[in-house]
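This report refers to the structure that appears directly beneath it.
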2 protein chains.
Amino acid sequence: MVSNKELQEKRMRGYFIEAAKEILKGEGVKALNVRAVSERAGYSFATLYNYFKDLNELTFICVQDFLDECDAFADAQSLGRIIGVERLKIRMKAVINYFTQYPGIFELCFVEKMNDLGSRQSTGRMIFDLTDKIASDDLGAMIADGLISDSQAKIIGMSLRNSIAGMLIFYLNRLQPADYKEFMKIVENQLDSAIGLNEISPDQI
Amino acid sequence: MVSNKELQEKRMRGYFIEAAKEILKGEGVKALNVRAVSERAGYSFATLYNYFKDLNELTFICVQDFLDECDAFADAQSLGRIIGVERLKIRMKAVINYFTQYPGIFELCFVEKMNDLGSRQSTGRMIFDLTDKIASDDLGAMIADGLISDSQAKIIGMSLRNSIAGMLIFYLNRLQPADYKEFMKIVENQLDSAIGLNEISPDQI
DNA sequence: TACACTATATTAACATTGTTTATTTTTTTA
DNA sequence: TAAAAAAATAAACAATGTTAATATAGTGTA
């Protein structure tokens, strides 16, 4: 059972967390600062320090929440699909879509706060695990179906993780072909390449 | 012909640029600030503004220099090699090695200053072009040899670019397997995967 | 109900960093 | 050598993170 005090404290933390998340989604990590968060939460900037050790702790919580959200989004997007290669691709595309929808979150997760230690747990580790977690069921099924071996699954997992990070980095810095449609074609292509499907059908050119 | 004034100004800029590069290589981007650079250069922090518009301009020049250095390193590492797949891999590994040698430079180029506009030219664009430039000759040779098609070359180029960015991001945040040797094995693997060689020999498992 | 005590919120203050303005020092030139 | 120009620096300001001191609100008890 939770005491009033615990409940109240949790609410207060929630106000700051929500404010921070709004700023991150809307204006990006450059706009995130103690005063802006506190003002949006309806408190003085010093009040924040009564509920969080520092801005890093608050930011870390936001990253956690966003990654959970991304995970849930992948689940929602692949709901009802048969486990396997196609579902894997859908789930990977969901990750891409989540971060392209909120460039500020990508910047936060992959760029700004990846190694700002101070939080006992590393932000980077969570991000690292994200794609693995999202891909694991389908890769497992592919192994079970004899489509790939264990070590191939490991390689594919790494390829997916790396290429997704790379694609997002470049796309979100406006360096990929330009428009979103074109980008998604490339994503399709790179996913196939990472999974190892491109080489099978080189006639598609 | 250059006037005395131009020569002197160039020297002065050089002192600040060298100081900034030393800091970036040694202590990383977090330690880069106007006062630290100026002190190392032997001048007051205000003097920097007589030679650079702001810290961003100076940083941008450092990025340019480092990318040139990386390019030259790839040339040196692949000197005398026969153009083609093997040379391509050597050159890509050179890129990886350059940035693992100087994590601060990677952080600077890929993370911190990728889109801090203000410089007319984008840092991101230069980085984006880097792997393409380093890979282009070998990919061209592979096309000429009939090993791959034009569009396959494009895909491979993208895969290399993406996976290198991804691998470095994760490795430099200490998330890849741990030690350098292990990492380089994975690099080897991922490069083969990006080039499309893994699928050809699935028996290697 | 009034008062002491505690918890909470806020204001004031300080450190760091980027940047601009004003001042001083140095160099050039007539 | 003295005036003018250029260069270097010091002083100052703004933004941001953070802490210390102060004020306010809430709570339990005589």
Side-chain angles (χ1 to χ4, degrees), chain A residues 2-20 22-24 27-63 104 107-108 112-113 115-119 123, chain B residues 2-20 22-24 27-63 104 107-108 112-113 115-119 123:
Chain A
V2 288
S3 66
N4 279 355
K5 188 180 156 154
E6 278 168 334
L7 179 63
Q8 287 161 11
E9 184 164 329
K10 197 178 166 189
R11 276 202 195 117
M12 284 296 289
R13 284 172 66 91
Y15 299 147
F16 286 100
I17 292 168
E18 273 318 301
E22 278 170 32
I23 291 172
L24 286 167
E27 299 155 64
V29 67
K30 284 184 302 301
L32 187 80
N33 65 67
V34 178
R35 283 161 176 87
V37 172
S38 303
E39 187 183 5
R40 194 178 281 243
Y43 290 91
S44 154
F45 59 86
T47 307
L48 188 146
Y49 289 92
N50 292 337
Y51 296 94
F52 303 90
K53 182 180 154 289
D54 54 23
L55 187 59
N56 267 322
E57 192 194 341
L58 175 57
T59 310
F60 182 74
I61 291 165
C62 293
V63 171
E107 202 187 349
L108 168 73
E112 208 79 17
K113 295 290 171 184
N115 56 359
D116 259 12
L117 274 309
S119 9
T123 304
Chain B
V2 288
S3 66
N4 279 355
K5 186 178 157 155
E6 279 168 332
L7 178 65
Q8 287 162 11
E9 185 164 329
K10 196 176 165 189
R11 276 199 196 118
M12 284 297 289
R13 285 171 66 93
Y15 299 146
F16 286 100
I17 294 168
E18 274 317 302
E22 278 170 31
I23 290 172
L24 287 167
E27 298 155 64
V29 68
K30 284 184 302 298
L32 188 79
N33 66 65
V34 179
R35 284 161 176 85
V37 172
S38 303
E39 188 183 5
R40 193 178 282 243
Y43 289 91
S44 154
F45 61 85
T47 306
L48 188 148
Y49 290 92
N50 293 338
Y51 296 94
F52 303 90
K53 180 179 156 289
D54 55 23
L55 186 61
N56 266 322
E57 191 194 342
L58 174 57
T59 311
F60 183 74
I61 291 166
C62 292
V63 172
E107 203 187 349
L108 168 73
E112 208 79 18
K113 296 290 172 184
N115 56 359
D116 259 12
L117 273 311
S119 9
T123 305

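Reminder, nothing fancy here: chain letters follow the sequence lines and each chain counts from 1.
In this structure, the nucleotide among dT19(C), dG17(D), dT8(C) sitting nearest to the side chain of N50(A) is dT8(C). Considering only side-chain atoms of T47(A), the nucleotide from dA9(C), dA8(D), dG18(C) that sits closest is dA9(C). Among the nucleotides dG18(C), dA13(C), dA8(D), the one closest to any side-chain atom of M12(B) is dA8(D).
Taking only side-chain nitrogens and oxygens, N33(A) comes nearer than 4.0 Å to OP1 or OP2 of dT16(D). Applying the 4.0 Å criterion to OP1 and OP2 of dA8(D), one finds that S44(B) has every side-chain N and O outside that range. Contact between the side-chain N/O atoms of Y43(B) and the OP1/OP2 oxygens of dA7(D) is not found at any separation under 4.0 Å. OP1 or OP2 of dA8(D) lies within a sub-4.0 Å distance of a side-chain N or O belonging to Y51(B).
Atom CZ of F52(A) and atom C1' of dT19(D) are 18 Å apart (whole Å). The CG atom of D54(B) sits 17 Å away from the P atom of dA15(D) (whole-angstrom rounding). Distance, E39(B) CD to dT16(C) P: 13 Å, rounded to whole Å. Regarding L55(B), its CG atom lies at a distance of 6 Å from the P atom of dT19(C), rounded to whole Å. Distance CD1 (I23(A)) to C1' (dT16(D)): 14 Å, rounded to an integer number of Å. Between the CG atom of L32(B) and the C1' atom of dT16(C) there is a distance of 15 Å, given to the nearest Å. Here the C1' atom of nucleotide dA9(C) and the CZ atom of F16(A) are 10 Å apart, to the nearest Å.
For the pair E9(B) and F45(B), both in contact range of DNA chain D, the more 5′-proximal nearest nucleotide belongs to E9(B). Along DNA chain C, the nucleotide closest to R35(A) and the one closest to G42(A) are compared, and the more 5′ of them pairs with G42(A).
Rounding to the nearest 0.5 angstrom, the gap separating the CZ atom in R40(B) from the CD atom in E22(B) is 5.0 Å. Going from atom CD1 of I61(B) over to atom CD1 of I17(B) covers 4.5 Å, rounded to the nearest 0.5 Å.
At most 12 heavy atoms of other shown residues, nucleotides or ligands fall within 6.0 angstrom of atom CD in E39(B).
Looking only at side-chain heavy atoms (C-beta outward), F45(A) and N33(A) stay at 4.5 Å or farther from each other.
Between Y43(B) and Y15(B), the angle of the ring planes stays under 30°, which puts this pair in the parallel group of the 30/60° scheme.
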